[in-house]
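Numbered from 1 within each chain, the chains take letters A, B, ... in sequence-line order.
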Protein chains: 2
Amino acid sequence: MQTTQQLDHQTCFALYSAARAATAAYREALAEIGLTYTQYVTLLALWEQDGRTVSELGTTLRLDSGTLSPLLKRMAANGLVERRREGKDGRTVTIHLTDAGHDLETQVASIQRRLYDAVDMEPEELATLRDLAQRFCASAAEITHPDTQGAPR
Amino acid sequence: MQTTQQLDHQTCFALYSAARAATAAYREALAEIGLTYTQYVTLLALWEQDGRTVSELGTTLRLDSGTLSPLLKRMAANGLVERRREGKDGRTVTIHLTDAGHDLETQVASIQRRLYDAVDMEPEELATLRDLAQRFCASAAEITHPDTQGAPR
DNA sequence: AGTAATTGGGTTGTGCGCAATTGAATTGCG
DNA sequence: CGCAATTCAATTGCGCACAACCCAATTACT
């Protein structure tokens, strides 16, 4: 008799629940400054390095153009970013923070600190969770799209 | 100068990415038997205990009626479950597996084992990841909806 | 019994996520 | 140069998630 594992024992379900709990924890505070969670992580990526192309953002955030295109369009409509076709390559669109987009960083930093403090876990535990989740992500991605590189002959 | 944490250092972003990597890893195999990831976890819950109400499923899966109602309607349309209004309480709808819904368990068990084996992490690491993610989930939920119980006076 | 408050499920609207497709721009190759 | 293959972004369509709302059934209180 083949039987499935209990829901409680599933690492994937734990990640799925925890990720939604994380975005839910951010939701209210981000909504007050007009952001969704995905828009927030997009800003994190741009604060680290402005002027990225859509596909570079997609690689960093692991999101595709079907998600990013409308998202960036909404953010542009809200005055947080500008989209420019400027390079020698006429296909790429670079995303640039506006002043309003830059100005949110201080408020967001305070939201981050507040939530980090509110979670009832030790810093080392959160770091372990983060590292294991990153490794899981890399390993699962390897299953989904086997890296062509590194496998000669 | 208040500055935000790097994306790589964010536990929440790691969870957000890992959860999507997890559902992506399941996607192809589940699609072959006509399931989405959310439908799959709903079946896991029903295999553990059939005949639950919509709200009981919502508690277990941490999903609300706005997600579950249409989801269960699609699963009923696909012949996996039946929805019955049968209790003394005329508001509750109980969800019952059909034979087709039961029969998927064997195939799903094999998909679970296959993916578990394909992930390049040790069983203890996956268990640690699961436990930390569960604790994070509980702690974040506490922030979002502070439990009224346990705080007298 | 009668009214208020609560509960259970459903609907609507918005915003992701992602597969699949499209179309324009660029590169590769003879 | 000329044409095929590739790349980048956008679009379309579907299925979640969730807030906000609605309605009917039930419970609580008088």
Exam field: side chain A:Q107 to backbone A:L104, donor-acceptor pair closer than 3.5 Å: no

NA contact type, B:G66, heavy-atom cut-off 4.0 Å: base, sugar-phosphate, or nothing? base

Is any side-chain N or O of B:Y16 closer than 4.0 Å to OP1 or OP2 of C:dG17? yes

Would you say the side-chain atoms of B:T128 pair up with the backbone N or O of B:E124, donor to acceptor, closer than 3.5 Å? yes

Would you tell me if any nitrogen or oxygen in the side chain of B:K73 comes within less than 4.0 Å of OP1 or OP2 on C:dG9? no

For C:dG30, which nucleotide in any strand shown is its Watson-Crick or wobble partner with both distances under 3.5 Å? D:dC1

Whole angstrom is fine here: how far is it from CE in A:M75 over to C1' in C:dG15? 13 Å

Are the side chains of A:L115 and B:I143 in touch, meaning some heavy atoms are under 4.5 Å apart? yes

Under 4.0 angstrom between A:T38 side-chain N/O and C:dG15 OP1 or OP2: no

Tell whether A:S69 reaches the base of D:dA9 with its side chain through a donor-acceptor pair below 3.5 angstrom. no

Should A:R27 be listed as having a side-chain N or O under 4.0 Å from OP1 or OP2 of D:dA17? no

Nearest whole angstrom, please: distance from the P of C:dG10 to the CZ of B:R74. 13 Å

Ignoring backbone atoms, test whether A:K88 places a side-chain nitrogen or oxygen under 4.0 Å from the OP1 or OP2 oxygen of C:dA25. no

So do A:L132 and B:M121 actually touch side chain to side chain, heavy atoms under 4.5 Å? yes

Can you check the A:L35 CG to C:dC16 P distance for me, whole Å? 10 Å

B:Y37 OH - D:dC16 P separation (whole Å): 13 Å

Return no unless some side-chain N or O of B:T67 is found under 4.0 Å from OP1 or OP2 of D:dC16. no

Do B:T92 side-chain and C:dG8 base share a donor-acceptor contact under 3.5 Å? no

Assuming nearest nucleotide by heavy-atom distance, tell me which of A:P70 and A:T23 is located more 5' along DNA chain D. A:P70

Output the rounded distance in Å from CD (A:E56) to P (D:dT7). 15 Å

Hey, what do you get for CG (B:L129) to CD (A:Q134), rounding to the nearest 0.5 Å? 11.5 Å

Report which part of the nucleic acid B:S65 touches: base, sugar-phosphate, or nothing (heavy-atom distance under 4.0 Å, all strands). base

Measure the distance from CG on A:L61 to C1' on C:dC16 and round it to the nearest whole Å. 13 Å

Scan B:L71 against the nucleic acid and name what it touches under 4.0 Å (heavy atoms): base, sugar-phosphate only, or nothing. sugar-phosphate

The reported gap from CG in A:D8 to OG in A:S17 (rounded to nearest 0.5 angstrom) is 9.5 Å

Counting only side-chain N and O atoms of B:R20, is one of them less than 4.0 Å from OP1 or OP2 of D:dC16? no

Confirm from the modelled atom types if A:R91 and D:dT7 form a donor-acceptor pair under 3.5 Å, side chain to base only. yes

Residue of the set B:R84, B:E86, B:R85, B:E82 for which side-chain hydrogen bond (donor to acceptor under 3.5 Å, both in side chains) holds with B:T94: B:E86

Which listed nucleotide (C:dC18, D:dA10, D:dG15) is nearest to the side chain of A:R85? D:dA10

Look at B:R83 and C:dG9 and indicate whether a side-chain polar atom (N or O) is within less than 4.0 Å of OP1 or OP2. no

Distance, rounded to the nearest Å, where A:H145 contributes NE2 and C:dC18 contributes C1': 11 Å

Give one of base, sugar-phosphate or nothing for A:D64, where a contact means two heavy atoms less than 4.0 Å apart. base

Do the side-chain N or O atoms of B:S55 get closer than 4.0 angstrom to the phosphate oxygens (OP1, OP2) of C:dG9? yes

Nearest-Å distance, CG (B:L68) to P (C:dG9)? 10 Å

